[in-house]
2 protein chains.
Amino acid sequence: MSRMPVAERREQLVEAALAVASRDGIEAATVRAVAAEAGVSLGVVHYCFQDKDELLRAMAHAITERNAVQGLELIPSGLPVETVVEQVIGVLWAAISGTRGSQLLSYELTTSSLRHPELNKVAIEQYRGQWTTAQRVLEVVGHAADVSWTVPVEELARVVVAVIDGFSLAWLVDGNAEAALRGLQGFGSYLATLAVPAGTSDDDVLPAPADA
Amino acid sequence: MSRMPVAERREQLVEAALAVASRDGIEAATVRAVAAEAGVSLGVVHYCFQDKDELLRAMAHAITERNAVQGLELIPSGLPVETVVEQVIGVLWAAISGTRGSQLLSYELTTSSLRHPELNKVAIEQYRGQWTTAQRVLEVVGHAADVSWTVPVEELARVVVAVIDGFSLAWLVDGNAEAALRGLQGFGSYLATLAVPAGTSDDDVLPAPADA
DNA sequence: GTCTATAGTTGGATAGAC
DNA sequence: GTCTATCCAACTATAGAC
């Protein structure tokens with residue numbers, strides 16, 4: 001354990017911070033607690049990170065990346081869009097409902113970030129990541145089901161993230177996973193109504209450039 | 001200021017706590033800060049409240065009540081349901097976007113409550129209040145526009161709260177009020193499609209009891 | 001009832017031995 | 001590089017003077 005390169009040590013500490021914060025909340029993620037979780041002494045943390053904020057920022061970055069990389073690129077083709085959407089929501093909800101502590105931590109990070117200037121960029125980066133992820137998923141779904149969306153995907157992505165956020169929060173509060181999933185699938189049905197068969201062009205969305 | 005009855009003093013302190021927490025965040029709402037905000041000394045707070053948690057619970061209760069009592073009972077009658085929904089959303093959004101600190105505090109209270117056993121009931125009471133409020137608004141809207149909902153209002157209320165939560169959070173993060181309102185109105189349009197002209201009976205929803 | 005003073009914790013950060 | 005020891009600040013809570 002001793003004499004570990006700094007980069008590796010930082011990873012280990014970020015991992016420990018994630019473990020503590022997911023389990024006991026962001027307030028519990030003190031420098032001391034993280035050091036104890038990682039099995040190192042207090043000084044080591046301050047050697048690897050300038051201060052607590054830098055540690056928290058690193059942790060936030062890690063959780064954001066982790067959420068983004070959820071590779072759902074194995075979406076089946078040739079199915080009706082309602083089915084594809086339903087399946088994607090099912091997989092997504094399994095990922096969410098299986099990581100309660102992480103989800104709660106995400107909201108804690110968001111609110112903390114909005115209060116403390118030194119964590120200012122955490123929340124916006126978190127959401128930018130979610131918006132672009134949602135947008136990519138929508139595009140992949142559209143391609144897989146051979147449809148295009150009647151609403152700009154960028155705008156639609158915001159709606160998707162908002163709805164998921166809302167139902168996740170409700171589930172965190174009342175623990176009713178069935179109601180949350182039912183609500184999400186209801187939204188999925190609505191979402192499917194916003195899709196129309198793709199245009200004659202084999203890939204893109206623009207049917208006919210009007211002018212200029 | 002001196003020699004104030006305890007009940008009144010408690011109100012004053014809860015008010016001060018709300019002011020501090022809305023402005024600077026729930027973490028900043030320490031006993032000291034609240035005492036300072038109220039212009040009393042540290043001991044006074046501990047004389048009126050057993051401990052910090054009781055003060056926070058009182059504050060949470062106050063903010064929940066405040067959100068619930070937003071008397072929107074002046075909903076116009078005789079208009080199409082799309083219009084009524086649009087107007088209600090407009091009023092609601094004005095109330096939300098005008099109280100940024102309070103909104104953020106609500107989310108902080110929710111997450112805090114979910115982490116700390118001693119605040120256990122705060123979050124669920126918060127949401128129960130929001131769900132029943134949403135349900136009442138849906139019922140009033142249905143009555144005013146002379147429609148009934150094709151989805152159980154209880155279920156629909158959960159959806160409404162989730163969507164509002166989601167868009168509010170996004171707005172807190174990116175400050176884009178136009179996008180949030182646009183998203184909410186988009187949801188409102190969808191909501192209106194879930195309404196059908198009220199049955200022949202002048203008030204209730206049940207058209208024909210099938211059996212028993 | 002209200003104040004000051006203080007006890008007792010906790011946590012961030014650093015110095016200095018090894 | 002890693003550890004122990006320590007400083008300092010902020011907080012909750014209470015005791016006791018007035």
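Order of the sequence lines sets the chain letters (A, B, ...), proteins ahead of strands, with each chain counted from 1.
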To the nearest Å, give me how far apart [atom1] ([X]) and [atom2] ([N]) are.
X       : N      : atom1 : atom2 : result
B:Arg9  : C:dG1  : CZ    : P     : 11 Å
A:Asp24 : C:dT10 : CG    : P     : 15 Å
B:Leu42 : C:dA5  : CG    : C1'   : 11 Å
A:Glu27 : D:dC11 : CD    : C1'   : 13 Å

(request) For B:Tyr107 and B:Ser168, work out which heavy atoms get closest and say how close. (result)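 Nearest heavy atoms, B:Tyr107 then B:Ser168: OH-CB, 3.4 Å.
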Between the side chains of [Y] and [X], is the shortest nitrogen-to-carboxylate-oxygen separation below 4.0 Å, so that they form an ion pair?
X        : Y        : value
A:Glu125 : A:Arg57  : no
A:Arg10  : A:Glu54  : yes
A:Glu108 : A:Arg115 : no

(message) Can you see if the side chain of A:Arg32 gets near the phosphate of C:dA13 - specifically, an N or O under 4.0 Å from OP1 or OP2?
(response)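 False: A:Arg32 side-chain N/O out of range (4.0 Å or more) of C:dA13 OP1/OP2.
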(request) Give the nucleotide from the list D:dC3, D:dA13, C:dT2 with an atom nearest to the side chain of B:Met4. (result)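 Of the options given, the side chain of B:Met4 lies nearest C:dT2.
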(message) If you only use heavy atoms from C-beta on, which nucleotide in D:dT2, D:dC11, C:dG11 is closest to the side chain of B:Thr30?
(response)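 Comparing D:dT2, D:dC11, C:dG11 against the side chain of B:Thr30, the answer is D:dC11.
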(request) For the residue pair B:Tyr190 and A:Tyr190, categorise the inter-ring angle as parallel (less than 30°), tilted (30 to 60°) or perpendicular (more than 60°). (result)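 Answer is tilted, since the angle falls between 30° and 60°.
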(message) Let's see if you get this right: which residues in residues 45-57 of chain A place a heavy atom under 4.0 Å from DNA chain C?
(response)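 Correct list: A:His46, A:Asp51, A:Lys52.
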(request) Report yes if the distance between the aromatic ring centroids of B:Trp131 and B:Tyr127 is under 6.0 Å, otherwise no. (result)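 Yes.
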